[in-house]
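Convention: sequence-line order gives letters A, B, ...; per-chain numbering from 1.
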Amino acid sequence: MTSTPATTTAPSAATETVSVVPAAETADGTGLHGPVTDWFAEHARDLPWRRPEAGAWGVMVSEFMLQQTPVSRVLPVYEQWLARWPRPADLAAEAPGEAVRAWGRLGYPRRALRLHAAASAIQERHGGDVPREHAQLLALPGVGEYTAAAVASFAYGQRHAVLDTNVRRVFARAVVGRQYPPNATTAAERKLARALLPRDETLAARWAAATMELGALVCTARGPECVRCPIATQCAWRLAGCPAHEGPARRTQTYAGTDRQVRGKLLAVLREAASPVPQVVLDAVWDEPVQRARALDGLVADGLVEPLSGGRYRLPQT
DNA sequence: TATGCGTGGTC
DNA sequence: TGACCAAGCAT
């Protein structure tokens, strides 16, 4: 596809790409579609899960890994993962502990367990193919509202409102006129996202990817680069003078000294171990015994760690 | 709806 | 330098 010149700011000015589609057919009462999708055509990153050969499984793997984890850290793990388990059936055939091990230091290792469980469910319920229907995607372990919409949209080109933190921020600014969206996704946001979704399926999928990318690259949380924004002149927040966020600040997540940190240390030892780890080795990672025991119990309860006889532990084999 | 859940980079 | 931030999900 040929991209329009960067100077294009109005839908009517474009002579090719999606901007030629009349606004009436795209539900674009805002005039945002053309500029945003034109910008995306020119500036979209070449990410492996966006290439055609990634397939639906590649898209799904990337979405799991990208939940709360930056692209730069996902890239190498994603490549290794897809090389080792190119189909859901390949992952389903492995022990869940191997998924946890391969997850490495991406964080939130329960995602690895859920991705493994999702692969098993895909194998059992869908013959090894990532399902196309939103409801079936949503029923998979670890797949919530966002991920179901993202896979349906990015992998299968369907028309869904894809509401991630980037899109929510872009809408909050460009449309609502606030610096940040609410802490939790609201009904009003879902309604707005549906209203802005282009009627056409292909355009809707492109819009979803484009708004996400705009939030990730330009309309960022801390330092938005409005000079590079294709809709800066229409942005409600800018037009209002960039008012500072009012309302409750997001609760800052503490980490040092929490169970989360202890769990991370314990699991790091188990990931690196080729054979079952004695209790005394795990005891060395944290000196407070009550918290240490609580963290280990939590990992076992979550299915991330398997206790063996003789006070030894390993990543789950079943 | 509020909370717990990893890890590391940025300013 | 410590608070903030990064394509959420499950409970």
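- A salt bridge is absent between A:Arg101 and A:Glu94; no separation between the charged side-chain nitrogens and carboxylate oxygens falls under 4.0 Å.
- Within the model, atoms CZ of A:Arg294 and CZ of A:Arg263 stand 11.0 Å from one another, a figure rounded to the nearest 0.5 Å.
- Taken to the nearest 0.5 Å, the CG atom of A:Leu82 stands 10.5 Å off from the CG atom of A:Leu91.
- Residues A:Gln67 and A:Thr220 both approach DNA chain C. Their nearest nucleotides, taken by heavy-atom distance, put A:Thr220 toward the 5′ side.
- Atom CG of A:Leu106 is separated from atom P of B:dG8 by 10 Å (rounded to the nearest Å).
- Under the 4.5 angstrom side-chain criterion for Ile, Leu, Val, Met, Phe, Trp and Tyr, the cluster partners of A:Val269 are A:Val100, A:Leu113, A:Val262, A:Leu266, A:Leu267, A:Leu270, A:Val277, A:Val280, A:Val281, A:Leu282, A:Val285, A:Trp286, A:Leu296, A:Leu299, A:Val300, A:Leu304, A:Val305, A:Tyr313, A:Leu315.
- A:Asp90 is linked by a side chain to side chain donor-acceptor pair (under 3.5 Å) to A:Arg87, counting only residues two or more places apart in sequence or in another chain.
- Taken residue by residue, residues 176-191 of chain A places no heavy atom nearer than 4.0 Å to DNA chain B.
- Counting only residues at least two apart or on different chains, the ring-ring contact (aromatic ring centres under 6.0 Å, His included) pairs with a member in residues 161-188 of chain A are A:Tyr180-A:His245.
- A straight line from CH2 of A:Trp49 to C1' of C:dA7 spans 9 Å, rounded to a whole angstrom.
- Residues A:Gly128 and A:Pro88 come closest through the heavy atom pair O-CG, 3.6 Å.
- Counting only residues at least two apart or on different chains, the side chain to side chain donor-acceptor pair (under 3.5 Å) pairs with a member in residues 107-125 of chain A are A:Thr69-A:Arg111, A:Tyr108-A:Arg260.
- To the nearest whole angstrom, the two P atoms, one in C:dC9 and one in B:dG8, are 23 Å apart.
- Within the 4.0 Å cut-off from OP1 or OP2 of B:dG8, at least one side-chain nitrogen or oxygen of A:Arg105 is found.
- In this structure A:Trp49 satisfies the ring-ring contact (aromatic ring centres under 6.0 Å, His included) test together with A:Tyr78, sequence neighbours excluded.
- Of the residues in residues 128-150 of chain A, those placing a heavy atom less than 4.0 Å from an atom of DNA chain C are A:Pro141, A:Gly142, A:Val143, A:Gly144, A:Glu145, A:Tyr146, A:Thr147, in numerical order.
- Sorted by first and then second residue, the pairs that involve residues 132-153 of chain A and meet ring-ring contact (aromatic ring centres under 6.0 Å, His included), not counting sequence neighbours, are A:His134-A:His160.
- If you take atom C1' in C:dT1 and the same atom in C:dC5, they sit 16 Å apart, rounded to whole Å.
- Taking atom P on both B:dT1 and C:dA6, the two are 22 Å apart, rounded to the nearest angstrom.
- A:Arg169 comes within contact range of the sugar-phosphate backbone alone, with a heavy-atom separation under 4.0 Å but no base atom that close.
- Nucleotide B:dG6 holds its C1' atom 15 Å from the CG atom of A:Leu113, rounded to whole Å.
- Shown for residues 69-83 of chain A: residues whose heavy atoms fall under 4.0 angstrom of DNA chain B, namely A:Thr69, A:Arg73.
- The distance between atom NE2 of A:His245 and atom C1' of C:dC4, rounded to the nearest whole Å, is 14 Å.
- One hydrophobic cluster holds both A:Leu197 and A:Met212 under the rule that ILVMFWY side chains link at heavy-atom gaps under 4.5 Å.
- The CZ atom of A:Phe64 sits 9 Å away from the C1' atom of C:dC9 (whole-angstrom rounding).
- Listed nucleotides C:dA3, C:dA7, B:dG6 differ in distance to A:Arg50; the shortest reach to its side chain belongs to C:dA7.
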Protein-nucleic acid N or O pairs under 3.5 Å, nucleotides 3-5 of chain B:
| unit_1 | atom_1 | unit_2 | atom_2 | d |
| --- | --- | --- | --- | --- |
| B:dC5 | O4' | A:Arg110 | NH2 | 2.8 |

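- Atom CH2 of A:Trp286 and atom C1' of B:dG6 are 13 Å apart (whole Å).
- Between B:dC11 and C:dA7, the two C1' atoms lie 23 Å apart (nearest whole Å).
- Salt-bridge formation is not detected for the pair A:Arg159/A:Glu201: no Lys NZ or Arg NE/NH1/NH2 atom is positioned less than 4.0 Å from an Asp or Glu carboxylate oxygen.
- Residues that satisfy the side-chain contact (heavy atoms from CB on, under 4.5 Å) test with A:Glu53, not counting sequence neighbours, are A:Arg51.
- With rounding to whole Å, A:Leu267 atom CG is found 13 Å from B:dG8 atom P.
- The main-chain N or O of A:Gln179 is found under 3.5 Å from a side-chain atom of A:Arg173 such that the two form a donor-acceptor pair.
- The interatomic distance linking A:Leu115 (CG) with C:dC9 (P) rounds to 13 Å, in whole Å.
- Listed by chain and number, the residues in a ring-ring contact (aromatic ring centres under 6.0 Å, His included) with A:His126 amount to none (sequence neighbours excluded).
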